[in-house]
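FYI, the numbering just counts along the sequence from 1.
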Amino acid sequence: MKSNRDRCCSERRLEAPGGPDRDHRTTRFIADRFSWLALLFPWLWFAIHRMWWIAASVVILQVAAGQVSRLDGLGILGLLFTITAGLIAGFEGRNLLQRHLIAKGWTLKDVIVARDLSTAEEMYFSNLPEQDDAYMAVSQPEWKTRDRVGGFMTNDPAGSFQFDLNGRR
């Protein structure tokens, strides 16, 4: 029998449009498991993940279900709808989030089997190749001096100091 510590789930890794940045800050991991916040507050969960149309639809449908539950004999129907909407959001919310991101240009790159997010991140980032120092080094500008009219010297290759204090060249 497996204990709670031995349970595995998967994390899906998505990359932003244009690929990952140098620090992988745009790399996103989405857990493939039930979401309790989506069960209890589906509209809030969708709004947090910027799925505005779905969040607005859930709010409208829950308000409508609340109004229907006020009618005689239909009280249980509104409660059942609210519970059903929460269950659907709890079980399928992360899948909808993944589909939403893929529709916006994100790319599903990996499915990593791990216990939790930190383990999945550790497994992914430990397999990345080491970046050499030449790639990480910031290039320094080359400053050149040149003569100007009137003997004024400048070492500004961008031309930021082309004008004197009166705005003349």
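- In this structure, the side chains of Glu121 and Phe29 come closer than 4.5 Å at one or more pairs of heavy atoms.
- Leu87 and Trp36 fall within a single hydrophobic cluster, where Ile, Leu, Val, Met, Phe, Trp and Tyr are joined by side-chain heavy atoms under 4.5 Å apart, directly or via other members.
- Contact detail for Met123 and Ala114: the closest heavy-atom pair is SD-CB, 4.0 Å.
- Hydrophobic clustering (ILVMFWY, side-chain heavy atoms < 4.5 Å, transitive): Leu61 and Ile83 are in distinct clusters.
- Ile54 and Ile88 are not part of a single hydrophobic cluster, where members link through side-chain heavy atoms under 4.5 Å apart.
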List the atom pairs, donor and acceptor, that lie under 3.5 Å between side-chain atoms in residues 70-81 and the rest of the protein, sequence neighbours left out.
none

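- The hydrophobic cluster containing Leu96 also contains Leu108, counting ILVMFWY residues as joined when their side-chain heavy atoms lie under 4.5 angstrom apart, directly or transitively.
- Gln62 and Thr82 make their closest contact through NE2-CG2, 3.8 Å (heavy atoms, listed as atom of the first residue, atom of the second, distance).
- Rounding to the nearest 0.5 Å places CE of Met51 at 4.5 Å from CH2 of Trp45.
- The nearest pair of heavy atoms linking Ala47 to Ala55 is N-CB, 3.8 Å.
- Atoms CD1 and CD, from Ile112 and Glu122 in turn, are 11.5 Å apart once rounded to the nearest 0.5 Å.
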Quick one: do Arg33 and Glu11 satisfy salt bridge (charged side-chain N to carboxylate O under 4.0 Å, His left out)? Show the steps, please.
-> CA-CA 9 Å; Arg33 62 176 175 259; Glu11 300 277 340; 3.4 Å; yes

Passes side-chain contact (heavy atoms from CB on, under 4.5 Å), Trp52 versus Phe46? Steps please.
-> CA-CA 7 Å; Trp52 307 115; Phe46 287 119; over 6 Å; no

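- Between the Ser57 side chain and the Trp53 main chain, a donor and an acceptor come within less than 3.5 Å of each other.
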Please test Glu92 against Asn95 for side-chain contact (heavy atoms from CB on, under 4.5 Å), starting from the C-alpha separation and ending with a verdict.
-> CA-CA 5 Å; Glu92 291 297 321; Asn95 189 26; 3.2 Å; yes

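- Residues Pro17 and Lys104 form no side-chain contact, since every pair of their non-hydrogen atoms from C-beta on lies 4.5 Å or further apart.
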Before giving the answer on side-chain contact (heavy atoms from CB on, under 4.5 Å), spell out for Thr107 and Ile102 the whole-Å C-alpha distance, their side-chain angles and the decisive distance to 0.1 Å.
-> CA-CA 6 Å; Thr107 307; Ile102 288 172; over 6 Å; no

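- Hydrophobic clustering places Val58 together with Ile48 (ILVMFWY residues linked when any side-chain heavy atoms are closer than 4.5 Å, directly or through intermediates).
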Would you sort out whether Asp116 and Thr119 count as a side-chain contact (heavy atoms from CB on, under 4.5 Å), showing the intermediate values?
-> CA-CA 5 Å; Asp116 54 5; Thr119 307; 2.5 Å; yes

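- Using bins of under 30°, 30° to 60° and over 60° for the plane-to-plane angle, the ring pair Phe41/Trp43 lands in the perpendicular bin.
- With Asp110 as the fixed residue, the salt bridge (charged side-chain N to carboxylate O under 4.0 Å, His left out) test singles out one of Arg13, Arg28, Arg12: Arg13.
- Across all their heavy atoms, Gly86 and Pro42 have their closest contact at CA-CG, 4.2 Å.
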